[in-house]
Amino acid sequence: VVAFSGGVDSSLLAHAALQALGPENVLAVTADSASLATGELQHCRELADGWGPQWLSVRTEEMDDPDYLANDSDRCARCKTALMDQLLPIAADRKATIVLGVNVDDLGDHRPGQHAAAKRGAVFPLVDAGLTKTEVRAVARAEGLVVWDRPAMPCLSSRVPYGTPVSVSLLGRLDRAELAVRALGFGDVRVRHHDELTARVEVPLGDLIAAAERADEIVSALDSLGYRYVTLDLAGLRSGNLNAALSSALA
């Protein structure tokens, strides 16, 4: 049973499982919740339809958990616990192992969700194989997977600083904000929420000039969603960069 987000890690994992075990022995499962960006569920369905694994979506209930909504430093553990609550009965019925697309680079970041999943029996084959993110992308490209260069799409809650409560309405606002920036031609983007009035836009370093040139359009799009102060992060897009503030606080 592959926890299937449709990104390069889980796609390579599902592909390798198909090669090793055959389609009758591989089930890709996608978690559906308010923290999933628009279009991601359909993306996963289409990927599975296109190259073979059985596929299933499950509704996870992390938004019903007050501790998840409080958004403390263990938020990801609450999310993975909700996912494992859905995957464990499925795996037990199939006498299967639950596998997650975690790579070696992920081990160096604050990822409490990994520990929560591992405690409940999930395993990380990409880590066992010693693969970094760059190597995962290289192998995926060699195997002809169309997602080999797809930008990461972490859950929408990762745009909210720890300690700021998460809500369905806030996640919907961030989802619309990122859709608006992508519509301007920026495929890889994060809109970080820093208070009700401030949004911090991150794009890769190579897109900074283009984003600055379209600043009026970006500001207009986010202003329509209630953000009065829109900043462009000159350090560029850094996955998981809100964890840096957590690390500084712990230090």
Side-chain angles (χ1 to χ4, degrees), residues 1-21 26-31 35-37 40-41 43-44 47-48 50-53 55 60 73-84 86-87 91 96-159 187-190 202 204-205 235-244 246-247:
V1 173
V2 182
F4 188 64
S5 69
V8 63
D9 294 317
S10 63
S11 293
L12 180 60
L13 197 52
H15 175 75
L18 283 171
Q19 290 183 320
L21 303 174
V26 180
L27 176 65
V29 182
T30 302
S35 63
L36 190 67
E40 290 303 290
L41 189 66
H43 165 72
C44 291
L47 271 183
W51 49 270
W55 180 81
T60 53
S73 61
D74 287 333
R75 183 200 67 235
C76 290
R78 316 289 181 184
C79 181
K80 282 297 187 291
T81 295
L83 175 62
M84 293 299 291
Q86 297 298 319
L87 295 185
T97 299
I98 298 170
V99 296
L100 270 63
V102 177
N103 64 66
V104 170
D105 291 340
D106 294 328
L107 302 180
D109 197 2
H110 175 70
R111 302 289 179 94
Q114 296 172 8
H115 300 294
K119 283 182 180 178
R120 301 187 70 184
V123 298
F124 310 146
L126 300 179
V127 171
D128 294 339
L131 293 175
T132 65
K133 188 71 170 190
T134 298
E135 291 167 336
V136 166
R137 290 194 184 280
V139 174
R141 184 178 190 181
E143 292 294 314
L145 301 186
V146 296
V147 296
W148 73 269
D149 62 346
R150 189 174 196 260
M153 287 292 292
C155 80
L156 291 167
S157 296
S158 67
R159 280 59 155 179
D188 199 2
V189 63
R190 302 283 188 278
E202 297 178 13
L205 287 172
L237 192 155
R238 291 148 293 146
S239 181
N241 77 61
L242 290 178
N243 290 338
L246 176 64
S247 300

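Source: prediction; values computed, not measured. Counting from 1, the numbers follow the sequence of the chain as shown.
The OG1 atom of Thr60 sits 13.0 Å away from atom CE of Met84, with the distance rounded to the nearest 0.5 Å. Interatomic distance, Leu36 CG to Thr30 OG1, rounded to the nearest 0.5 Å: 8.0 Å. Taken to the nearest 0.5 Å, the OG1 atom of Thr97 stands 12.0 Å off from the CG atom of Leu87. Separation of atoms CD (Gln19) and CD (Glu143) is listed at 5.0 Å; rounding is to 0.5 Å.
Paired with Pro112 under the rule side chain to side chain contact (heavy atoms under 4.5 Å, CB included), one option of Cys79, Ser73, Cys76 passes, and it is Cys76.
Closest non-hydrogen pair, Leu100 versus Ala117, comes out as CD2-CB, 3.8 Å. Here the closest non-hydrogen pair linking Leu126 and Asn103 is CB-CA, 4.3 Å. When every heavy atom of Ala91 is checked against every heavy atom of Ile98, the shortest pair comes out as CB-CG1, 3.7 Å. Here the closest heavy-atom approach between residue Ser35 and residue Ser157 is recorded as CB-OG, 4.1 Å. For Trp51 against Ser11, the heavy-atom pair with the smallest separation is CH2-O, 3.4 Å. The shortest heavy-atom contact between Cys44 and Gly6 is SG-N, 3.6 Å.
The main-chain N or O of Ala37 is never found under 3.5 Å from a side-chain atom of Glu40 such that the two would form a donor-acceptor pair. Looking at Arg159, its side chain does come within 3.5 Å of a backbone N or O of Pro154 through a donor-acceptor pair.
Classification of Asp9 and Lys133 as a salt-bridged pair holds, one side-chain N sitting under 4.0 Å from a carboxylate O.
Surrounding CZ of Arg150 are more than 12 heavy atoms belonging to other residues, nucleotides or ligands, all under 6.0 Å away.
In this structure, a donor-acceptor pair under 3.5 Å is present between the side chains of Ser10 and Ser5.
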